[in-house]
Amino acid sequence: MSTLSLTDLRKSYGDAETIRGIDLEVADGEFVVLVGSSGCGKSTVLRMIAGLEEVTSGTIRIGDRDVTRVPAASRGIAMVFQSYALYPHMTVRENLSFGLRNMRTPREQIARQVADAAAILELDTLLDRLPAQLSGGQRQRVAIGRAIVRDPSLFLFDEPLSNLDADLRVRMRQELASLHKRLGATMIYVTHDQVEAMTLADRLVVLDRGQIAQVGTPLEVYDHPANVFTAGFIGSPRINLLDARVVATDGAEALVELAGGARFAKPAGGLAAGDMLTVGLRPEHLRRDAARGAIALEMTVEAVEALGHSTFLYGAIPGASEFRAKLDGHHHVAVDGVVPLFADPARALLFDRSGKALIR
């Protein structure tokens, strides 16, 4: 396997710069997920790594090789697409061996590598079937197997599970995680699905408009978002972002007031009276039971989703026309009713007016 290094990677289409200076180091054997909203550039970055998109400037190194201008076929990578890209007239065995045959690999070696990949992915009994005779999950395993047989330096995945139904996606996530553990391979995975990103990644790379917003482990990014964009993108339901200001400080603590009037204390740090802030409250951190020093809110409920294991509330609070809460278990809440909610100030995230996180 190999490391991957991207240095000041840029991509322009005419006067429009879509990738604006990506710097990233991926360790040997690491599973890194590129995540972001549609149009953020994650698939473009993946295609540049693969050699399917020309680099405007910057460098790409795989291991100790500069592959920035190296043709895709000579980079030693394998890419798995969301569309599977299987040849419909070929059997599973023929699909798996196609790339090796084109490379004029000896027949005995092809048979051995196909058998190894089929065993890893439990395709042994399907080798003589055509793609049309397979389920979506089986076809995706064949697409992954076609990458495995090439023994690449780097695996690239471009939203490979997006065409599968919900239950199958869960199973395929588990299979991919298990495959990574068995192979110890370096993998770069693109998705817009937060669950995939959080459950598969050793590290997340959050992209925003062609730039890296934050890099970290899934829990680092969730617990300590570096900016408002990352806080708003990672987490489901979406975080509540509320206008606030510092009304007083005694040097040790700052008294923060939300736009609707609710107040709470946070360590002062460098905060000063009059500072304008954005406060982030995750829906899953809200409770109906009061605690000493809690942020007290009153939510006017406009919609309720009762899922049994949890209850989602959607509505508004004073000072915010949109507000979301996720409560554990089942709660009887009337639409158009007012529900008291409480948040632990220690879990409230603070951002300055530029959107940068204030660590407290």
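One is the number of the first residue; the rest follow in order along the sequence.
In terms of modelled atom types and a separation under 3.5 Å, the side chain of Thr199 and the main chain of Val195 share a donor-acceptor contact. Side-chain N or O atoms of Gln82 include none that pairs as donor or acceptor with a backbone N or O of Phe157 at under 3.5 Å. Arg69 places a side-chain N or O within donor-acceptor distance of the main-chain N or O of Val55, the cut-off being under 3.5 Å. Using modelled atom types, no side-chain atom of Arg93 and backbone atom of Arg129 make a donor-acceptor pair closer than 3.5 Å. Although no hydrogens or angles enter the test, the distance criterion places a donor-acceptor pair under 3.5 Å between the side chain of Lys42 and the main chain of Gly36. At least one donor-acceptor pair under 3.5 Å links the side chain of Asn95 to the backbone N or O of Thr91. Panel note: side chain Thr68, backbone Ile60; a donor-acceptor pair is recorded below 3.5 Å. At distances below 3.5 Å, at least one donor-acceptor pair connects side-chain atoms of Arg75 with backbone N or O atoms of Val67. No side-chain donor-acceptor contact under 3.5 Å links Thr217 to the backbone of Arg203. For the pair Arg101 (side chain) and Glu94 (backbone), a donor-acceptor distance under 3.5 Å is present.
Crowding of Arg182 atom CZ: a count of heavy atoms from other residues, nucleotides or ligands under 6.0 Å exceeding 12. Shown here is Glu298, whose CD atom has no more than 12 heavy atoms of other residues, nucleotides or ligands within 6.0 Å. The environment of CZ in Arg209 is sparse: at most 12 heavy-atom neighbours from other residues, nucleotides or ligands sit within 6.0 Å.
Under the 4.5 Å side-chain criterion, counting only non-hydrogen atoms from C-beta, Asn227 is not in contact with Lys356. Ile19 has its side chain within reach of Met48: a pair of non-hydrogen atoms, C-beta onward, lies under 4.5 Å apart. By the 4.5 Å heavy-atom criterion applied to side chains, Val333 and Arg288 are counted as neighbours. Put simply, the side chain of Thr7 does not reach to within 4.5 Å of the side chain of Ile22, judged on heavy atoms. When side chains are defined from C-beta on, Val32 does not count as touching Val215, because their heavy atoms never get closer than 4.5 Å. Looking only at side-chain heavy atoms (C-beta outward), Glu159 and Phe81 stay at 4.5 Å or farther from each other. Inter-residue side-chain proximity for Val35 and His192 is flagged as unmet; no heavy-atom pair is nearer than 4.5 Å.
Of the inter-residue distances, the one linking Asp28 atom CG with Ser2 atom OG reads 6.5 Å to the nearest 0.5 angstrom. Distance CG/Leu313 to OG1/Thr300: 11.5 Å, rounded to 0.5 Å. Here the CG-CG distance, from Leu121 to Asp116, works out to 11.0 Å after rounding to the nearest 0.5 Å. Once rounded to the nearest 0.5 Å, the distance linking CZ of Arg20 with OG of Ser12 reads 10.5 Å. Within the model, atoms CE of Met198 and CD1 of Ile234 stand 6.5 Å from one another, a figure rounded to the nearest 0.5 Å. With values rounded to the nearest 0.5 angstrom, Leu258 atom CG is found 6.0 Å from Ile295 atom CD1.
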Evaluate salt bridge (charged side-chain N to carboxylate O under 4.0 Å, His left out) for Glu322 paired with Arg324, printing each intermediate quantity in order.
CA-CA 7 Å; Glu322 291 186 6; Arg324 296 159 288 277; 3.7 Å; yes
Would Lys11 and Glu54 count as a side-chain contact (heavy atoms from CB on, under 4.5 Å) here? Give the steps.
CA-CA 8 Å; Lys11 176 66 179 177; Glu54 186 177 345; 4.1 Å; yes
Working for salt bridge (charged side-chain N to carboxylate O under 4.0 Å, His left out), residues Arg141 and Glu122:
CA-CA 9 Å; Arg141 289 209 299 274; Glu122 298 180 0; 5.4 Å; no
Derivation of the salt bridge (charged side-chain N to carboxylate O under 4.0 Å, His left out) call for Glu53 and Arg47:
CA-CA 5 Å; Glu53 221 34 276; Arg47 289 174 64 83; 3.5 Å; yes
From CA spacing to verdict: side chain to side chain donor-acceptor pair (under 3.5 Å), Ser5, Glu25:
CA-CA 5 Å; Ser5 177; Glu25 299 290 332; 2.7 Å; yes
Any chance you could lay out the side-chain contact (heavy atoms from CB on, under 4.5 Å) test for Leu183 and Phe155, step after step, and finish with the verdict?
CA-CA 11 Å; Leu183 296 179; Phe155 285 85; 4.2 Å; yes
Given Leu358 and Leu271, is the side-chain contact (heavy atoms from CB on, under 4.5 Å) satisfied, shown in steps?
CA-CA 9 Å; Leu358 301 172; Leu271 293 176; 3.9 Å; yes
Please evaluate residues Ser43 and Asp158 with respect to the criterion side chain to side chain donor-acceptor pair (under 3.5 Å), reporting the C-alpha separation (whole Å), side-chain torsions for both, the decisive distance (0.1 Å), and the verdict.
CA-CA 7 Å; Ser43 288; Asp158 190 6; 3.1 Å; yes
Apply the test side-chain contact (heavy atoms from CB on, under 4.5 Å) to residues Leu281 and Ile239: give CA-CA distance (whole Å), side-chain angles for both, the deciding distance (0.1 Å), then the verdict.
CA-CA 6 Å; Leu281 297 178; Ile239 195 172; 5.6 Å; no
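Comment: Arg173 does not engage Glu196 in a salt bridge, judged by the lack of any side-chain N to carboxylate O separation of less than 4.0 angstrom. A salt bridge does not link Asp167 with Arg169: none of the charged nitrogens is closer than 4.0 Å to a carboxylate oxygen.
Within the structure, ring pair (Phe, Tyr, Trp, His ring centres under 6.0 Å) pairs that include any residue of residues 30-62 comprise Phe31-His180, Phe31-Tyr189 (at least two apart or interchain). Within the structure, every pair that satisfies the side chain to side chain donor-acceptor pair (under 3.5 Å) test and touches residues 336-347, not counting sequence neighbours, is listed here: His285-Arg347.
Considering only residues two or more places apart in sequence or on other chains, Ser354 meets the side-chain hydrogen bond (donor to acceptor under 3.5 Å, both in side chains) condition with Asp352.
With Phe233 as the aromatic partner, Arg238 does not meet the cation-pi criteria of under 6.0 angstrom to the ring centre and within 45 degrees of the ring axis. A cation-pi geometry, defined here as NZ or CZ lying under 6.0 Å from the six-membered ring centre and within 45° of its normal, does not hold between Lys266 and Phe264.
Remark: of the listed residues Gln113, Arg107, Arg112, Gln113 is the sole one forming a side chain to side chain donor-acceptor pair (under 3.5 Å) with Gln109.
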